[in-house]
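To start, the structure under review is shown below, and the notes come after it.
Convention: sequence-line order gives letters A, B, ...; per-chain numbering from 1. Every value quoted in this text rests on a predicted model; they were computed, and no experiment measured them.
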Amino acid sequence: MTGDGWFAGCDAGDTATGAEHVREGRADAPADWPARAVESGFAPDEETYYTALHEACVAATRDEATEAERAGDQQLVHAVRAMDDCMRTANELAERLSEWAGALFDADGGGVEFARAVADREPTTPDEERAVSLAGRVVDLADEAADLEAYVETRAPTVAPNLAAMAGPVLAARLVALAGGLESLAKKPSGTVQVLGAEDALFAHLRGHASSPKHGVIYTHEYVRGTRPADRGSAARAVAGKLAIAARVDHYSGERKPELDAELDERMATIRARAEDDEEGDDG
Amino acid sequence: MTATPLADGGDGHLPDGVEPRTFDGDQRLATRGEPVYGEPVQDGWRAWDPGRSKLGAMLGRGVETGFAGGDTVLYLGAASGTTVSHVADFAGPTYAVEFAPRPARDLVRAAESRPNLFPLLKDARKPATYAHVVESGVDVLFQDVATRGQGEVACRNRQFLADDGWLVATIKARSEDVTGPTEVTFGHVVETIESEYEVVTTERMDPLHEDHLAVVARPR
């Protein structure tokens, strides 16, 4: 329907069909749709046409926005938790397998790669049959984790474009999951974002027998992990601050703001310059 | 232009339906309609916050925008509907295109009480996805999209505009180039716009809207 208006094949009173046309339709070029709608008998006059258009647009946009949100952060939370569960279970079973298969096959090794090798064997005894079958499960779980990760990588930028760009899709999804959703992450102060995932250490600190944790899962961010230990606290604070802002922009506006990344890059350059200054100081 | 000179000595650039009113002792621009974002309301007039709305800031400064009142408008980058709700208060049929689902929900809420406001969840870079809804020959094409390629967006949407219509665009430098000098970035965008339009005015929008340039142009 590249030459038709949204109202073609639709009754003025049928908002559902109109809304579907508004969502799915296309045209190569605009036209004087109000006049055409009156000519074609869709509406007796332009006023009636605009009323029908208003209803169709409101319904179409409301439905599409709701669907997009429903498909959003909660799906991401489930996916990243399932990914972690699959990976953890695969590693646990792989350990069990390496004990068992190591004795049966006179082979050494561990982990998912070892499970892959065992899964390819032809079992010759009932004992071997069980071990090889278990190896197959380990491989399946590891593959599922990889598929889930790929899914998280495509979903996270849609759900939280700024957070995903700044933290990377997987860390973004973990932060959303730890907070319980994008909205609750957006409402957390940056100090909380900084220690999300380090709750045990945080409560030990609050009970008074440990120092405060410098970072939670944001440790996996290159800007934290890749900064020398002396400056890691500053780096964690800077990263958490910008991630908290990114989450708020993603939740309240949803627009991509590349300048946020640039601000973090700038701040990190300053923090990392300290290490260079110290080195120069040592030389001199 | 049909903009009426204001009794209080206004500059005549204000469209019909936009008036300076007094709120809590301050003169502010206002339009008549249902409140949308918690703005002050008095006798049915809603204050138009120039700090939250680039168009509000332009009108407040007396920039000639081509809006006359009662116009047919295509508004690209409607976001949550703050500005477009004011536009729909004084304009005629107003098509509001927004790409992000979350603000679109607020936009729908603003549209519910405004029968002449048509919200569309579409990508302004792909006019073919809404050319079956938006009519041709609109009087004003207003653009406030924070995406790379803002000049291209203006050119691709030229097809909706009447030959004697107006393009009013606010260009955000940091959406095009995060680090480069803003003047250079603005130069590139204006150059792109000039392939389809004759530029009438450009004006920096500091300090209310930093790193933004307002461009008013007519189709070639």
Measure from the ring center of A:Trp33 to the ring center of A:Tyr50 and say whether it is less than 6.0 Å.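 No, the ring centres sit 6.0 Å or more apart.
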
Verify whether the ring centers belonging to B:Tyr130 and B:Phe160 lie closer than 6.0 Å.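 Yes, the ring centres sit under 6.0 Å apart.
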
Considering only heavy atoms from C-beta outward, does the side chain of B:Glu176 approach that of B:Gln150 to under 4.5 Å?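 When only atoms from C-beta onward are counted, B:Gln150 and B:Glu176 do touch, with a gap below 4.5 Å.
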
Heavy atoms only, distances under 4.5 angstrom: which of B:Pro93, B:Ser80, B:Ala100 has the most pairs with chain A? Name it, please.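 Heavy-atom pair counts peak at B:Pro93.
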
Check ion pair A:Glu266-A:Lys242 (N to O, under 4.0 angstrom):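 Result for this pair is no, no salt bridge flagged.
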
One thing to verify: whether B:Arg61 and B:Glu203 come together as a salt bridge, which I'm taking to mean a side-chain N less than 4.0 angstrom from a carboxylate O.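 Yes, this pair counts.
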
So, B:Tyr95 and B:Glu135: side-chain donor and acceptor under 3.5 Å apart, yes or no?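 Note: B:Tyr95 and B:Glu135 side chains meet the donor-acceptor criterion.
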
Do B:Asp144 and B:Thr170 pair up side chain to side chain, a donor and an acceptor below 3.5 Å, judged on atom types alone?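 On atom types as modelled, these side chains qualify, holding a pair under 3.5 Å.
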
Given that the side chain runs from C-beta out, which part of [X] has a heavy atom under 4.5 Å from chain A: side chain, backbone, both or neither?
X: B:Leu107; value: neither
X: B:Lys122; value: side chain
X: B:Val133; value: both
X: B:Arg148; value: neither

Relative to chain B, which segment of [X] carries a heavy atom at a distance below 4.5 Å: side chain, backbone, both, or neither?
X: A:Asp261; value: neither
X: A:Leu182; value: side chain
X: A:Ser253; value: backbone
X: A:Tyr252; value: backbone

Choice from A:Glu55, A:His54, A:His251 maximising heavy atom contacts with chain B below 4.5 Å: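 Looking at each of A:Glu55, A:His54, A:His251 in turn, A:His54 comes out on top.
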
Looking only at heavy atoms and a cut-off of under 4.5 Å, which of A:Glu263, A:Arg62, A:Arg256 has the most pairs with chain B?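 Winner by heavy-atom pair count: A:Arg62.
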
State whether B:Trp166 and B:Arg218 meet the cation-pi test: NZ (Lys) or CZ (Arg) under 6.0 Å from the six-membered ring centroid, and within 45° of the perpendicular axis.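 Yes, cation above the ring, under 6.0 Å and within 45°.
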
